[in-house]
Each structure stands twice: as structure tokens, then as C-alpha cells.
Amino acid sequence: MGPAGRRFPAQIMRRLSASYGRAVVGSRIYRVVDADSLATQWQPDLQFLALIRASSQLALVEHYRSAGLSNVDWVDAPGLEYGDIVAADPARSEVAVLHRGSDLHHSLQLTNRCNSNCLMCSQPPTLQDDAWMVEETLDVIRHLPSAPQVLGLSGGEPLLLGEHLRMVLDFVGERLPDTRVELLTNGRLLASAELSRKLLEGLATSVTWLVPLYGHVDFLHDFVVQAPGAFEETLSGLLNLQLHRQPIQLRIVLIQPVLEMLPALCTFIGRNLPFVKEVALMACEPVGFALANRELCEVDLLDWRDQLQLAARILARHGVPFLFMNAPLCALPEDLRAHAHRSISDWKNVYAPACVDCEVKSDCSGLFAWHDRGWKPSKVIQIMKKEKSA
Ligand code: SF4
């Protein structure tokens, strides 16, 4: 699909106000550069936007263009950084930042379509053909000035790309051989032995498969993902991943129906899926379908302290490593805080006024930027170091 078919998906990127040179094309992918260092970065098959900080830089860009470098133009956008990979949107006088080298986390979205309808989905799926998102992802990867250590690939459901997903993974492996991919998928379509073989046989790219599991029985998992048969399919998919020796991180989003049965789910994992690399216990993102299903999704994690501690003991007993994601340290019982990771994407991440003097802020996930429209995963309470180590 050509650029005219492209749409910017909601809430998956930073958008900034921008003004552009006259030849900048909407939706095209560009690498943002310093005009003064353009000569060292220029390649004929990439597109460049020089970030203008002084009139002399504007003159330099005009000089390059008049010399025949038609893949160079300029942008002026407060908040933009050198090395950003952006999609231009001159019609709206905006720029969308798709990749920023200085971020802690890097993620690209392959599709907005999905075959599940999770109660707490942060980004409700759409039905439209969005094949342009794959083209855009490849274009972003092509424009990266340096390889990230880890690159997240997500959807929607990336397995809906079918065999094309293998092309994307191979492309990442060729262009970024030192990068590890973290692929977020519900795993259902990997129940097909044929698709599993096509995607996984001989796969040279380093991939960790991030697969959600919400229950130890079919009715619970299928209810949470709103898809009959999903539990059986996901389990078959996990077994096929194991068959091909692929590392798996199981993901459990901590909403009420899941928390109620969390110890049983952790026992199920320990007994039946002991090969997984780790289990990620994740606070719910207060956006998307989670707001529509607030009565099931809005929880104060500290109210579930006993369940969390029991689940942690069960996983530890089975030798399954676990971590907490998206959960501020003050939302977790003290003995579990050491398992918390800073996991909220940089551009989604904020801290509350109470965080200013908190002594563990540098280790803390903080809050999702849209918690004001939703909820906090617990009361935000400053932690003093003495308390942290108590
Ligand atoms: S007060 Fe803020 S920085 Fe401290 S643990 Fe809570 S959310 Fe994190």
C-alpha cells in the first residue's frame, strides 16, 4: 500500500509540532540529523531531515539540495533529537517519533489487527488492512543510525502476518545482527505445526517470545482474551515454541479475575510449562478496553499482597524466574520490590508529585502518563531507602 493508505495509529508514539522544508513528503520515514554532520551520514537509499537550530544550517541544507541531494530536507520541531527516526506529517504540521536512540525501550508495531479481544487491551484492534505498518517497520529499521540492544515487535497480533513475519525477523537479523527481538504475541496461530515450522525452522535472529497466559483453565483464559478456544491454541503454540528451542517469557496482566486464580495459574506453569525462561507479572495499563472494563481491571495491587506473595513463592519453588513490570515500587509488597523492572516505555512514563523526594525513584517504573484518566496501581507513597532494605 502506498503512502496515501497510511494512518498514524493512536497512542503508540510521540507526536511533536513541526515545520518542514517544502519537499518533505507526508508519512515518509526520515532519519533526523545535524546538518553539520550530514556529510558523514548521507546514504543514497535513505531519507534525511536536518534539524534546524541556526540559519546557517538552513543555508547548508539548501546548498545540499541545489547540489542534487534530493533525499535531504529540513525540519524544525522543539523536542526532536538528532538520530530520531520519524514519520513526517506536514499536512498537520506534526512529526511522529517512531524511534529514539536515547530511550530505554525500543518498540515497533507490525499491525493493529488482532484475533483476540482482551478485556484490558491497551490498544483496541482495528479491522482494516494495515500492511503499510510492516513496510514502515522495515523502513524504520533501515534508517536506524545504530543497533538497539533489544527491539520490541508488537501488534495487534504479529502472527496474523503469517509467513511474512519470518521475512521481518530475517530482515532484523540481517540488518541488526547484535539486536535481540522481543516479539509480543498471543501465540494462538503457532498451534499450527506448519506455520510454526515456517516461522521457526532455521531462524537465525535472536527472538524472545512474549506470550500472555491468563488462566490455568480454558474458561478463565478464554474469558480474559474474549476468544473461545484461545487457551488450547496458546498452549499448543507454547509447546511448538519449545519444540523449536525458542525462549519464552510468559506474561500475566494483573486484573481481578486473574489475581483471584493467580496461585493456581503459577502452579499450572510450574508443573506444565517449566521450560519458560521467566514469568512477567504486569500491572494493567489504564487505557483502551481497560477503561471500558474498569470494574475488572482497576485493582490496587497492595490489596492483593497475599496472592502476589503466594504466587511468587510457588514460582520460586518450581524454579521459574519471575519479574514485575509496569508496577511502581510502592505498589508492591517490600519483599517483592527487588523483582520489579523499569518497564514503561519512556514516552508513556511519568511520575506523580509524591515521587519527587522518593529515594527509589531511579529504580522505579513510575506511572503510565494516562493514569490521570484511569487509575494508579496503588496509592503513590514515597519510599525511604531505610524502608526499602528493611
Ligand atoms: S513514590 Fe513514586 S518513585 Fe517512589 S515508589 Fe512510588 S511511584 Fe515510584
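All values below come from the heavy atoms of this structure, side chains included, with hydrogens, waters and symmetry mates left out. What you see is a predicted model; the values in this text were computed from it and never measured. Throughout, numbering of the chain's residues begins at 1 and tracks the sequence. Each ligand, and each atom within it, is numbered from 1 in the order the structure gives.
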Look at the N, O or S atoms of C364, main chain and side chain alike, and state whether any lies under 2.8 Å from atom 6 (Fe) of ligand 1.
no
Would the distance check show the side chain of S192 and the main-chain N or O of L189 forming a donor-acceptor pair, the cut-off being under 3.5 Å?
no
Quick one: does H221's side chain have a donor or acceptor within less than 3.5 Å of a partner on Y214's backbone?
yes
Heavy atom under 4.0 Å from ligand 1: found in I381's side chain, backbone, both, or neither?
backbone
Identify the closest protein heavy atom to atom 4 (Fe) of ligand 1: which residue and atom is it, and at what distance?
C358 SG, 2.3 Å
At less than 4.0 angstrom from any non-hydrogen atom of V380, what atoms of ligand 1 do you find?
1 (S), 2 (Fe), 6 (Fe), 7 (S)
I'd like to check which ligand 1 atoms, numbered from 1 as shown, lie under 4.0 Å from a non-hydrogen atom of K361.
3 (S)
Quick check for you: to the nearest 0.5 Å, what is the distance between Q57 atom CD and L38 atom CG?
11.0 Å
For atom 5 (S) of ligand 1, which of the options A331, A327, P328, C330 provides the nearest non-hydrogen atom?
C330
Is there an N/O/S atom in C355 that lies less than 2.8 Å from atom 8 (Fe) of ligand 1?
no
Looking at Y82, I'd like to know if the NZ or CZ of R53 sits under 6.0 Å from its six-membered ring centre while staying within 45 degrees of the ring's axis.
yes
What do the steps show when you test E157 against R113 for salt bridge (Lys or Arg N to Asp or Glu O under 4.0 Å), and what is the final call?
CA-CA 6 Å; E157 174 46 54; R113 295 176 298 126; over 6 Å; no
Is there a donor-acceptor pair closer than 3.5 Å between any side-chain N or O of S196 and the backbone N or O of L190?
yes
